[in-house]
Amino acid sequence: QVQLVESGGGLVQAGGSLRLSCAASGRSSSTYTKGWFRQAPGKEREFVSAISWGGGSTYYADSVKGRFTISRDNAKNTVYLQMNSLKPEDTATYYCAADKDSFSQNAKAAVFYDYWGQGTQVTVHS
């Protein structure tokens with residue numbers, strides 16, 4: 001079983017920055033496609049970003065493009081989400097996800113992923 005643990009969430013002022021980390025464990029998990037999703041109360045889980053196993057390909061939701069950057073360090077088996085220019089509408093629980101399947105457009109869908117972290121709360125205030 002692949003285990004994912006997010007960290008780095010917290011309170012931040014609008015316009016500020018936050019860096020989320022997702023530490024993974026489990027056989028072959030360092031080569032998995034990884035993604036970030038977020039969910040606010042009363043809303044569906046929303047795709048944020050995804051990255052291929054080698055880090056050479058990425059996807060971003062239009063709402064975060066130009067503000068967020070996904071990256072990974074496979075030696076540490078960790079994926080990151082650097083969030084800049086944060087807005088109140090970015091407030092949500094952020095979840096890290098992983099799947100053994102190859103990176104594709106399907107990685108934008110929550111149903112693609114077999115493994116999920118517990119989530120970390122991000123609150124952006126004005």
Qualifying residues under ring pair (Phe, Tyr, Trp, His ring centres under 6.0 Å), relative to [X], sequence neighbours excluded:
X	answer
Tyr115	none
Phe47	Phe37
Tyr59	Phe103

Would you say the side chain of Trp36 lies within less than 4.5 Å of the side chain of Ile51, judging by non-hydrogen atoms?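 Not in contact.
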Would you call Ile70 and Phe68 a side-chain contact if the rule is heavy atoms closer than 4.5 Å?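 Sidechains of Phe68 and Ile70: no contact.
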Working to the nearest 0.5 angstrom, can you tell me the gap between Leu18 CG and Thr120 OG1? 8.0 Å
For the atom pair NZ (Lys76) and CG (Asn74), what is the distance rounded to the nearest 0.5 Å?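 If I round to the nearest 0.5 Å, the distance is 12.0 Å.
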Report the residues that fulfil side chain to side chain contact (heavy atoms under 4.5 Å, CB included) with Arg19, sequence neighbours left out, ordered by chain and then residue number. Ser71, Tyr80, Gln82
Partner residues of Glu89 under the side chain to side chain contact (heavy atoms under 4.5 Å, CB included) criterion, sequence neighbours left out: Lys87
Linked hydrophobic residues, Val111 as query - side chain contacts closer than 4.5 Å: none
Can you pull the salt bridge (Lys or Arg N to Asp or Glu O under 4.0 Å) pairs that have at least one residue in residues 94-104, sequence neighbours excluded?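 As it turns out, there is no salt bridge (Lys or Arg N to Asp or Glu O under 4.0 Å) pair with a partner in residues 94-104 once direct neighbours are skipped.
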Could you tabulate the donor-acceptor pairs under 3.5 Å formed by side-chain atoms of residues 6-16, not counting sequence neighbours?
from, atom 1, to, atom 2, distance (Å)
Glu6, OE1, Gln118, N, 3.0
Glu6, OE1, Gln118, NE2, 3.2
Glu6, OE1, Gly119, N, 2.9
Glu6, OE2, Cys96, N, 2.7
Glu6, OE2, Gly119, N, 3.3

Under 4.5 Å between side-chain heavy atoms, hopping through other hydrophobics if needed: is there a path connecting Leu4 to Val122?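 Cluster IDs for Leu4 and Val122 differ.
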By side-chain hydrogen bond (donor to acceptor under 3.5 Å, both in side chains) - contacts of Ser17 (at least two apart):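 In terms of side-chain hydrogen bond (donor to acceptor under 3.5 Å, both in side chains), with neighbours along the sequence ignored, Ser17 is linked to Asn84.
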Scan the side chains in residues 23-30 for donor-acceptor partners under 3.5 Å anywhere in the protein, sequence neighbours excluded, and list what turns up.
from, atom 1, to, atom 2, distance (Å)
Ser29, OG, Gly26, O, 2.8
Ser29, OG, Asn77, ND2, 2.9

Treating Arg72 as the side-chain partner and Gly55 as the backbone partner, does any N or O pair qualify as donor plus acceptor under 3.5 Å? no
Looking at Thr123 and Thr91, would you say the former's side chain and the latter's main chain have a donor-acceptor pair under 3.5 Å? no
side-chain hydrogen bond (donor to acceptor under 3.5 Å, both in side chains): pairs with one or both residues in residues 41-58, sequence neighbours excluded: Arg38-Glu46, Gln39-Arg45
Which pairs pass disulfide (SG to SG under 2.5 Å) with one or both residues in residues 32-77, sequence neighbours excluded? none
